[in-house]
Amino acid sequence: MGECPQLRSKAKDVTPLIQEILVEVAKETPEQWQARLEAIAPELIEELSVKKEPDKGLKVLDIEVGKQVVMRFAPNPNGPPTLGSTRGIIVNSEYVKKYGGKFIIRFDDTDPQTKRPMLEAYDWYVDDCKWLGAKPDEIVIASDRIPIYYDYARKLIEMGHAYVCFCDGEDFKKFKDAKQACPHRDVSPQENLKYWDKMLSGEYEEKTAVLRIKTDIDHKDPALRDYGAFRIVKTPHPRHEVGDKYCVWPLLDFEGAIEDHELGMTHIIRGKDLMDSEKRQGYIYKYLGWQYPKTTHWGRVKMHEFGKFSTSGLRKAIEEGEYTGWEDPRLPTIRAIRRRGILPEAIRKFMIELGVGETDISISMDSLYAENRKLVDPIANRYFFVWDPVELEITGTGPCTISPALHPTEDRGCREIEVNNKVYLCKEDVEKLQAGSKLRLKDLYNVEITSLEPLQAKYLGDSMESMKKEKMRIIHWAPMDGVPVKVLSPDGEFTGIAEKQVTSELNKVVQFERFGFCRIDAVGEDVVAYFTHK
RNA sequence: GCUCCGAUAGUGUAGCACGGCCAAUCAUACAGGACUCUCACUCCUGCGACUCGGGUUCGAAUCCCGAUCGGAGCACCA
């Protein structure tokens, strides 16, 4: 019926026929159905066994033929990029890659005061973009382009679409809520130009004047009534190239509106919180005769593991010493994630898998870890690391050297461990032992515990068979010549002893058996490792 | 208060523009099993969802109305 719409009018006639047939079919067994189906339509059976594979990845973009796709990621560099930023970086850049367009990073750093840019963050953003495989084709800094915004402001004033408003914030809100024009709205363009020039020359104090874009003052949505485009800020900008050059700064809706057009943006993908921006900026586009880029929005993202975090909140916590810095493994900054050994490809996949739904979501790092684990597992060498170490003395055997494989399935060679008559065990494992417990020290030999205080055991032989037969627990251990290791993880610090060969794994991700993956971050007096994930 | 979005398994996600092929996809989590000298990896199996109520229709996850819940905007923040 889907294929032949003209049959739809007969739908009612079909129902009783189907009923009849169903009664017939119900009399037979599933085996008979199978046989019958094979006889009349074998291709349907095949179809049943074929798994449906819906196309993965991002939805297709609505593109105009013959037009190069231009997209952007537009952060305010008032803190380091976080996992949240990666969504903007990856989704936008991925589309650009897919359609062979241009990817721009634009720093919306037009607030020298409340969201004051952080100088180091500019480089961090660019650097992290590159690391994520999203090297920007162009870098734009809004604070370098203030004169452009001034030009358009002047143009809009001349056209009578913008005015300098001297209302106090609260007064204006009253007018706005009552759908009433404030006294400054109907001043002539000539007069407004005079006021605008005075604003620019610094004659007015902060908060005494603001340039507004005229929209519909009686629009049913209060969010769209005459919004601010420029305000006076006398705090110098942190960038020395800019400093105190300007005392009039554009607000986001204005700056973004102008730039998206100036830079030739074809598509914008951004947070749902900026949905109204499109409507507000639409007025500017209408006045200037521009075409608004195509927009897509995504909902709010919360991460189970990190809860609410704001740049300013984090900065405060770092200053107070709660965190060691922006790279503290407990933080969701890209710098921290990198340091922990999460690979960019894992983040890309994770973000693309998320898609761009408008639903607000609350996700867990588990999926990201699972993605990363698959990438890291084949390339991570295995080592023993014993946390909360307890010494075990072993009698009944002499010194030996063993050479376990660096990887259980990949051919990555071996490491060497020397054992005399003592090894370290995890306190956690020791607590489960009793005198008489038999266990397998992985890759070494079998022992039987003879005493708990002090912890002693006797050698029971190397046999794998007897270990299997007696169902001994296999635990890992560390040699006495191991190196002290400090593991920094989101759940706190672990200290212990690892095989000394880990010192050759600087900057690499290894797996500490029965503990998890870690990135070896520093090799000095002791080894510092960042916990990646289980 | 006004306005605008959204709602599919524990968590994400596909399907919704154009209603039948949906007994609803995939991933992850969880449970069981196989493999393994790691609690890792891999492989099998299982688990589990269309927010609710009306309407349109022969037929609704899909269209319409309402309710509920969640989020956002109404800044001289981005």
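The figures here come from the full heavy-atom set of this structure, side chains too, leaving out hydrogens, waters and symmetry mates. Predicted model, so just to flag it, every value in this text is computed and none were measured. To find a chain, count down the sequence lines: A is the first, B the second, and so on, and within it residues start at 1.
- Residue contacts for A/Met464: at a heavy-atom cut-off of 4.0 Å it reaches a base atom on one of the strands shown.
- The shortest distance between the side-chain N/O atoms of A/Arg373 and the OP1/OP2 oxygens of B/U42 is not below 4.0 Å.
- For the pair A/Arg514 and A/Phe385, the cation-pi test (distance below 6.0 Å, angle within 45°) is failed.
- Between A/Lys220 and B/C4 there is a side-chain N or O to OP1 or OP2 distance below 4.0 Å.
- Using a 4.0 Å heavy-atom criterion, one finds that A/Gln511 contacts the bases of the nucleic acid, with or without backbone contacts as well.
- Here the two rings, on A/Trp196 and A/His184, have centers that are 6.0 Å apart or farther.
- If you check B/C74, B/C39, B/A72 against the side chain of A/Lys176, the one that comes closest is B/C74.
- Taking only side-chain atoms of A/Ile361, from C-beta outward, the nucleotide of B/C77, B/U13, B/G70 with the closest atom is B/U13.
- Note on A/Arg231: a side-chain N or O is less than 4.0 Å away from OP1 or OP2 of B/C77.
- Around atom NZ of A/Lys294, more than 12 heavy atoms belonging to other residues, nucleotides or ligands sit under 6.0 Å away.
- At the heavy-atom level, A/Asp108 lies under 4.0 Å from the strands shown only through sugar-phosphate atoms.
- Ring centroids of A/Tyr445 and A/Tyr459 are separated by less than 6.0 Å, placing the two rings close together.
- Within the 4.0 Å cut-off from OP1 or OP2 of B/A78, at least one side-chain nitrogen or oxygen of A/Thr110 is found.
- A donor and an acceptor atom never sit less than 3.5 Å apart when one is taken from the side chain of A/Glu371 and the other from the base of B/U28.
- Across all strands shown, B/C18 forms no Watson-Crick or G-U wobble pair with both distances under 3.5 Å.
- When both pairing distances are held under 3.5 Å, B/A27 makes a Watson-Crick or G-U pair with B/U11.
- Nearest nucleotide to the A/Ser362 side chain, out of B/U38, B/A29, B/G12: B/G12.
- Side-chain rings of A/Phe166 and A/Tyr204 approach one another, their centers coming within less than 6.0 Å.
- In this model, the phosphate group of B/U28 is approached by a side-chain N or O of A/Lys374 to a distance below 4.0 Å at OP1 or OP2.
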